Amino acid sequence: MSGSHGHDAVVIGAGPNGLVAANHLADAGWSVLVLEAQDEVGGAVKSDRDVHPDFVHDTFSAFYPLAEASPTIRSFDLERHGLTWVHAPAVLGHPLRDGSWGMLHRDREVTAGLFDAAHAGDGEAWLDLCGQWDRIGDQMIKALLSPFPPVRNGIGALARLRSVGGLDFVKTMLTPATDVGLSRFGGVGPRLVIAGNAGHADIPLNAPGSGLMGILMSMLGQTVGFPVPEGGAGQLAHALRRRFESLGGEIRYAAEVVRVEVTDRRATAVLTRDGERFAAGRAVVADIVAPHLYGRLLAPEDLPARTRQAMRSFDLDPSTVKVDWAVDRPVPWASAPPHAPGTFHVADSVEQMTEAHGQVAARTVPAAPFMLAGQMTTSDPTRSPAGTESLWAYTHVPQHSVGDAGDGSVRGVWDRDDCERFADRMQARIEALAPGFGSTVVSRRVLGPRELEQRDANLIGGAINGGTSQLHQELIFRPVPGLGRSETPVRGLYLGSASAHPGGGVHGAPGMNAARAAIAHARVRRATGGLLR
Ligand SMILES: Cc1cc2nc3c(=O)[nH]c(=O)nc-3n(C[C@H](O)[C@H](O)[C@H](O)COP(=O)(O)OP(=O)(O)OC[C@H]3O[C@@H](n4cnc5c(N)ncnc54)[C@H](O)[C@@H]3O)c2cc1C
């Protein structure tokens, strides 16, 4: 058990990764303390009634296919701790101005039927893709979520490669999202669905890696759906909290950690802003974005020069503006979708999606932002009174803007005025697809980069994924080359946030990988009388 005082492990941050790590360590019989800077658990998995008292809005994230597909989160049996997953009638829709919809229904036959009606042959092509995923998808997800290199699961995926077409399948996965649909489908619907889903990461849609993301998210939508926790995103975090507390775990709120204490190159304790010190007998797990862990919480002298140097080239992902609306009617779509979707994407075409991404990459505020959006009452009727909609949309903007690719009304400094002008631009995108939308809005909240970071310090400048998901910062390069696992240069300190492989999204893998590494090292330490690790 723990040393003379304190806990076996201190987990810094109660985001989903911190809570997953805490649960796994508690499962192993460790005494665990979680220190959370905010006054509630969840990190970017929270809900509130701040937009309107009758409406529950998810403050940040909303749809959880990755949680539902994650072996770790599934193994926690959170339903026994109060979590209920619910689904919208359709997973995802992409409305176009000509009145058509690209649509992903949970039932693959329905999706295929819709694609085929728009372009003969696309239905069969879609079912083919689903069939390939059935054969290899599970292994691919396990490989993606395990520490890199994913030896066992990687071999498992390789073993199934032949059954899905071998190198042709690999090529499809490496094809950029803009093109992956072109090679397989004649109609625009499947291309929109795949490219839109790729847009959930910040990989340019015309770069390798984006196609894999687009197919992964589309096939997750097709197999597990895009579930939401009944009652609000926060219910997922609270189920993790309840499970942890039922194992004897302890959480302290308003406890911002400002320093990880290192003695003889080993993390031994943490200090909070108000001067409290908490000893960690075996491990400290940091659910902390990498620049803060390496640049603030650790003293420079506790880090090798090469780590400090490498962190200088750590790339954040772009910034984000999120708008929440309380709407007194269902969204008045000009052309109603064939099935009501939970998630919807807003872009006039795949090309326009690429253009908007390009404008962000060129550090300009996008003229016609590509938007991810959610109809939450359609997904979960408990979110707002019957006949109303709890709605949100977010989009990416540059971390540092050099100009406005639109009408010049947004300066890119993200003060209140910028946020409201840009929210008007986003709202106009919905209005163009749903005339009269503006008159249904009862209340609106705009969370710009600053507001996001104020509510969760890991969202530096509104970056939502703990660092870019582009290839140069993935796998062994995440967060920096040479530190591709949860181990850090400080013994007993583990990086367990979205800044660690495999990155952002609510799947708990960085937290789980960190907890597993901590447990394995503690065993080695005990077995070697403290000589190793
Ligand atoms: C607007 C938005 C929309 C998103 N949509 C989705 C989605 O629909 N589906 C999905 O799967 N993912 C989504 N994501 C991404 C997902 O939410 C994140 O990848 C995920 O929450 C990362 O989990 P984490 O535990 O690493 O960090 P976080 O969730 O950021 O949690 C970190 C925690 O650490 C705390 N903390 C930070 N510094 C300190 C400190 N010094 N001391 C103590 N505590 C500290 C923070 O307060 C926070 O509670 C979205 C994110 C955002 C912001």
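Counting starts at 1 for both ligands and their atoms, in listed order. Numbers here simply count residues along the sequence, with the first being 1. Quick caveat: nothing in here was measured; it's all calculated off a predicted structure.
Counting only distance, with no hydrogens or angles, the side chain of Asn458 and the backbone of Asp287 share a donor-acceptor pair below 3.5 Å. Of the possible polar contacts, none joining the Ser390 side chain to the Arg383 backbone as a donor-acceptor pair under 3.5 Å is found.
The closest approach between Ile12 and ligand 1 falls below 4.0 Å for a heavy atom of the residue. Ligand 1 has no atom lying under 4.0 Å from any heavy atom of Leu452. Not a single heavy atom of Gly466 sits under 4.0 Å from any atom of ligand 1.
Using a 4.0 Å cut-off between charged nitrogen and carboxylate oxygen, Glu420 and Arg444 count as a salt-bridge pair. Between Glu250 and Arg252, at least one side-chain nitrogen of the basic residue sits less than 4.0 Å from a carboxylate oxygen of the acidic one, meeting the salt-bridge criterion. A salt bridge links Arg416 with Glu451; the closest basic N to acidic carboxylate O contact falls under 4.0 Å.
Not a single N or O atom of Glu256, backbone or side chain, sits closer than 3.5 Å to an N or O atom of ligand 1. For ligand 1, none of its N or O atoms has an N or O atom of Leu459 under 3.5 Å away.
With ligand atoms numbered from 1 in the order given, ligand 1 contributes 19 (O) to contacts under 4.0 Å with heavy atoms of Gly504. Numbered from 1 in the order shown, with element, the atoms of ligand 1 that lie under 4.0 Å from a heavy atom of Ser497 read 26 (O). Near Ala44, meaning under 4.0 Å from any of its heavy atoms, are these atoms of ligand 1: 17 (O), 21 (O), 28 (P), 29 (O).
Nearest protein neighbour of atom 23 (O) of ligand 1, counting heavy atoms only, is Pro16 CG, 3.3 Å. The shortest contact between atom 24 (P) of ligand 1 and any protein heavy atom is with Asp287 OD1, 3.2 Å.
For His292 and Tyr294, the distance between ring centers is not under 6.0 angstrom.
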